[in-house]
There are 2 protein chains.
Amino acid sequence: MRQTTITAEDAAIAAGFERFYELLRRLTPRSELSLTAASTLRRLERSGPHRLCELHAPEGVSQPAMTQLITRLEKEGLARRGSDPDDGRAVVVTITEAGREAVARRREGRTQALAALLEQLPVEEHAALVAALPALDHLSDLLAS
Amino acid sequence: MRQTTITAEDAAIAAGFERFYELLRRLTPRSELSLTAASTLRRLERSGPHRLCELHAPEGVSQPAMTQLITRLEKEGLARRGSDPDDGRAVVVTITEAGREAVARRREGRTQALAALLEQLPVEEHAALVAALPALDHLSDLLAS
DNA sequence: TAAAGATGCATAAGGCAGTGATATAAAAAT
DNA sequence: ATTTTTATATCACTGCCTTATGCATCTTTA
């Protein structure tokens, strides 16, 4: 693993993000979905059905944990197990309509809480956030690849 | 609870933050500290000793959960229970030197991973992130109060 | 093409961290 | 001086994770 030089600016960004991470954590309603469950459902929503083996690594959990999570999601009607005609071992996981709704509810809860904070922000800070969105998205893409 | 109007921009910010939250989650090394443990230690580091009853609500956990967390932290030497001379019921929790080190290690791990991503970002996006930091901090302050 | 190995998923057993209900001691109120 | 409230602890239980392992099914290769 290569060592990256940490500049003072990087450290400042990291410190800001650290506080911010906890802000988001508090903003997220303790809802029906665990962190991993929500993240997995969003992945299924964003990029379609996946084999089980493609899910556990990016979510940072073990394969049995993903098996159990999908079992729970299936029991709650939020996801569905299917099979791959080309590979008898594979299980293909798909999000259901109820799953999409659960994701939307969670997102809306957080958006609502966030909007209440955002409207208290000075306009120039609000604008700075909007201006930073492409960078945030880009960062997420970098890790995904 | 008042209903806040959600603008399209707010929704865009929320969507960006949602992805970003998961980025940070993946960036955080699965370490010795649980989310609540890390958050609590940071609070003790940032704003000094607290009574147990002042800790559980802001961290969003029940009082027994905080009692148990402090017991674990104490067992690991990361925090210390003390008493309040003015109130025989109270338990005053203080972070130890080892606790500060654990927080620092965790922070550094995340900073390191983040820096590796940040250096891949175009300079103008990097600048946009720096420019958004005050807004992020401000947002965190808003929720804290 | 049969045997061996690799891969994908499930199950089992156990641990950590959360919950609500409740106990206990100290402080505050009546 | 009781009664009530407050601060913390304990208990029993649950959810979600872990590692170890089992068992198909696919792939490789002798």
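Below, each value reflects all heavy atoms present in this structure, side chains not excepted, and no hydrogens, waters or symmetry copies. From a predicted model like this one, the values you see are computed outputs, not experimental measurements. In the text below, chain A, chain B and the rest are named by the order of the sequence lines, each starting its count at 1.
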task: Taking the side chain as every heavy atom from C-beta outward, state whether A:R43 and B:E22 have any atom pair closer than 4.5 Å.
output: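 Result no, sub-4.5 Å side-chain heavy-atom pair not found.
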
Under-4.0 Å side-chain N/O to phosphate OP1/OP2 contact, A:T67 with C:dA10: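 So the side-chain polar atoms of A:T67 do come within 4.0 Å of the phosphate oxygens OP1 or OP2 of C:dA10, strictly under.
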
- request: Ignoring backbone atoms, establish whether B:S62 has a side-chain N or O less than 4.0 Å from OP1 or OP2 of C:dT19.
  value: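 For C:dT19, OP1/OP2 do have a side-chain N/O of B:S62 under 4.0 Å.
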
[N] [atom2] sits how many Å from [X] [atom1], rounded?
X     : N      : atom1 : atom2 : value
B:L55 : D:dA7  : CG    : C1'   : 13 Å
A:R51 : D:dA24 : CZ    : C1'   : 14 Å
B:I70 : D:dT8  : CD1   : C1'   : 12 Å
A:K75 : D:dT14 : NZ    : C1'   : 13 Å
B:L69 : D:dT10 : CG    : C1'   : 16 Å
B:R25 : D:dC16 : CZ    : P     : 13 Å
B:H56 : C:dA17 : NE2   : P     : 19 Å
A:E76 : D:dG15 : CD    : C1'   : 11 Å

- prompt: Should A:R25 and B:E59 count as an ion pair when the cut-off is N to O under 4.0 Å?
  reply: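 Yes, charged N to carboxylate O under 4.0 Å.
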
message: I'd like to know if A:E32 pairs up with A:R105 as an ion pair, taking the criterion as any Lys NZ or Arg NE/NH1/NH2 lying under 4.0 Å from an Asp or Glu carboxylate oxygen.
response: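 Looking at A:R105 together with A:E32, the answer is yes, because their closest N to O distance falls below 4.0 Å.
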
Between [options], which nucleotide has the shortest distance from any of its atoms to the side chain of [X]?
X     : options               : value
A:L52 : D:dC26, C:dG18, C:dC9 : C:dC9
A:D87 : D:dT8, D:dC26, D:dC17 : D:dC26
B:Q68 : D:dT8, D:dC26, D:dC11 : D:dC11

- prompt: Mapping B:R81 and A:G88 onto DNA chain D by nearest heavy atom, which one lands closer to the 5' end?
  reply: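 Whichever sits nearer the 5' end wins; that is B:R81.
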
message: With nearest nucleotide decided by heavy atoms, which residue, B:P64 or A:R72, maps closer to the 5′ end of DNA chain D?
response: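 Going by which nucleotide is closer to the 5' end, it is B:P64.
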
task: State which residue, out of A:R81, A:K75, A:R80, fulfils the side chain to side chain contact (heavy atoms under 4.5 Å, CB included) condition with A:I70.
output: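 Filter result, single survivor: A:R81.
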
query: So, does the side chain of A:R89 form a donor-acceptor pair with the base of C:dT7 at under 3.5 Å?
result: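 Side chain to base: pair found, below 3.5 Å.
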
message: With a 3.5 Å cut-off and heavy atoms only, can you find an N or O donor on one side and an acceptor on the other between the side chain of A:Q63 and the base of D:dT18?
response: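 Check fails, no donor-acceptor contact within cut-off.
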
message: Between B:L27 and A:Y21, does the side-chain contact (heavy atoms from CB on, under 4.5 Å) criterion hold? Intermediate values first, please.
response: CA-CA 11 Å; B:L27 232 51; A:Y21 181 73; over 6 Å; no

query: Within the structure shown, what part of the strands sits under 4.0 Å from A:A90 by heavy-atom distance: base, sugar-phosphate, or nothing?
result: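 Answer is sugar-phosphate: A:A90 comes under 4.0 Å of backbone atoms only.
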
task: Mind checking A:T36 for me? I need base, sugar-phosphate or nothing, with any heavy atom below 4.0 Å counting as a touch.
output: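 A:T36: backbone/sugar contact only, no base atoms under 4.0 Å.
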
